[in-house]
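Data block below; observations after.
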Protein chains: 2
Amino acid sequence: MAASARRGPYFCGIDAAMDVVSGKWKPLILWELHDHGIRRFAELRRGLPGVSEKMLVQHLREMEEDGLVRREVYPEVPPKVEYSLTEHGVSLNAALTSLGEWGTERMRRIGAEKVSVG
Amino acid sequence: MAASARRGPYFCGIDAAMDVVSGKWKPLILWELHDHGIRRFAELRRGLPGVSEKMLVQHLREMEEDGLVRREVYPEVPPKVEYSLTEHGVSLNAALTSLGEWGTERMRRIGAEKVSVG
DNA sequence: AACCGTACTTACCCGAGGGTGAGTACCCCA
DNA sequence: TGGGGTACTCACCCTCGGGTAAGTACGGTT
């Protein structure tokens, strides 16, 4: 508890949306889940080069709380947990596409590099 | 110097766009300038309830560096500085509208309050 | 018996982002 | 003469987001 002071009050819609997406890895998680449909914890970890397990768990939990991500646990002996997007997660992703295009255009403009997976 | 480690490398376009918008007041500044066209420093300060002068200057400078904001100084005796959006600022604002709509919808869903201007 | 892989939790630490409050130079107005 | 308005700068402080590293319970592999 005392985890987050989220859920407003907000200045505007942008503010409310940013609250949910702010976090170093959240847009990437969103994209990864949108791209693959369903991902297990370790798959996500491998898909986000550089993320720590702590942050991945933490972000996933917050996104679950915010209704963006669905978490399904299989009570098997080697643990198995599957993550996927809810309809709200999907629609958020859609709302982010134009921003993504703007960012891509900006990267082109300023000649920024992409992070390499190494 | 040593001001910002911005300008990538980025994971993706979202990342590049978020870099430019991340900052407590930046989306609000963007909106305020889009809404009024041209604003002076003190007008912006009054338009963003709660912002400190330090943060306002700092954000405006970064947004100027990032090519979002145009800063015009009039060498008058009571200082006069006018801020407005560049074409990149305008297009970023446009790219943010769908996100803003998503956020507004989310506020409605969770029943979040708006910040009151007092 | 030792080690890897699953999906985490816990404790600790650091730097940056942001807030507070003061100072600056000049003018206008009461 | 003093207070308010213009647009800032500077120094200090403090929270918190994020990183590192270790521990956990269980089984399959070598």
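Throughout, protein chains are lettered first and strands after them, A, B, ... in sequence-line order, and every chain is numbered starting at 1.
Closest to the side chain of R71(A), from the set dC8(C), dG18(C), dT10(C), is dC8(C). The side chain of V57(A) sits closest to dC8(C) out of dC8(C), dG18(C), dG19(D). Between dT9(C), dT6(C), dC26(C), one nucleotide has an atom nearer to the side chain of V77(B) than all others, and that is dC26(C). The nucleotide whose nearest atom lies closest to any side-chain atom of F41(A) is, among dG19(D), dT6(C), dC8(C), dC8(C). Between dT6(C), dG18(C), dC12(C), one nucleotide has an atom nearer to the side chain of K54(A) than all others, and that is dC12(C). Considering only the side chain of E53(A), dC8(C) comes nearest among dC8(C), dT9(D), dC27(C). When the nucleotides dT6(C), dT6(D), dG19(D) are ranked by their closest atom to the side chain of K24(A), dG19(D) comes out on top.
L33(A) is listed as a side-chain neighbour of Y83(A), based on a closest heavy-atom distance under 4.5 Å. By the 4.5 Å heavy-atom criterion applied to side chains, T104(A) and I14(B) are not counted as neighbours.
Atoms CG (L60(A)) and C1' (dT9(C)) sit 15 Å apart, rounded to a whole Å. If you measure from atom CD of E64(A) to atom P of dA7(C), you get 15 Å, rounded to the nearest angstrom. The CG-P distance, from L56(B) to dC8(D), rounds to 9 Å in whole Å. Following rounding to the nearest Å, M18(B) (CE) and dG17(D) (P) show an atom-to-atom distance of 14 Å. Atom pair M55(B):CE and dA7(D):C1' shows a separation of 17 Å (rounding to whole Å applied). Rounded to an integer number of Å, the gap from CD of E72(A) to P of dA7(C) is 14 Å. The CD atom of E62(B) sits 8 Å away from the P atom of dG17(C) (whole-angstrom rounding). Between the CD atom of E76(B) and the P atom of dT6(D) there is a distance of 13 Å, rounded to whole Å.
A salt bridge links R108(B) with E105(B): the distance from a Lys NZ or Arg NE/NH1/NH2 to an Asp or Glu carboxylate oxygen falls below 4.0 Å.
Note on R40(A): every side-chain N or O is 4.0 Å or more away from OP1 and OP2 of dT6(C). Contact annotation: H59(B) side-chain N/O to dG17(C) OP1/OP2 distance is not under 4.0 Å. Side-chain nitrogen and oxygen atoms of R61(A) include none within less than 4.0 Å of the OP1 or OP2 phosphate oxygen of dA7(C).
In this structure, CZ in F11(B) is found 8.0 Å from CG in L48(A), a value given to the nearest 0.5 Å.
Residue-to-nucleotide proximity on DNA chain D shows that, of P79(A) and G23(A), the 5′-proximal contact is made by G23(A).
In this structure a side-chain-to-backbone donor-acceptor pair under 3.5 Å is missing from H34(A) to L30(A).
Residue-level contact check: Y83(A) touches the backbone only, with heavy atoms under 4.0 Å from sugar-phosphate atoms and none from bases.
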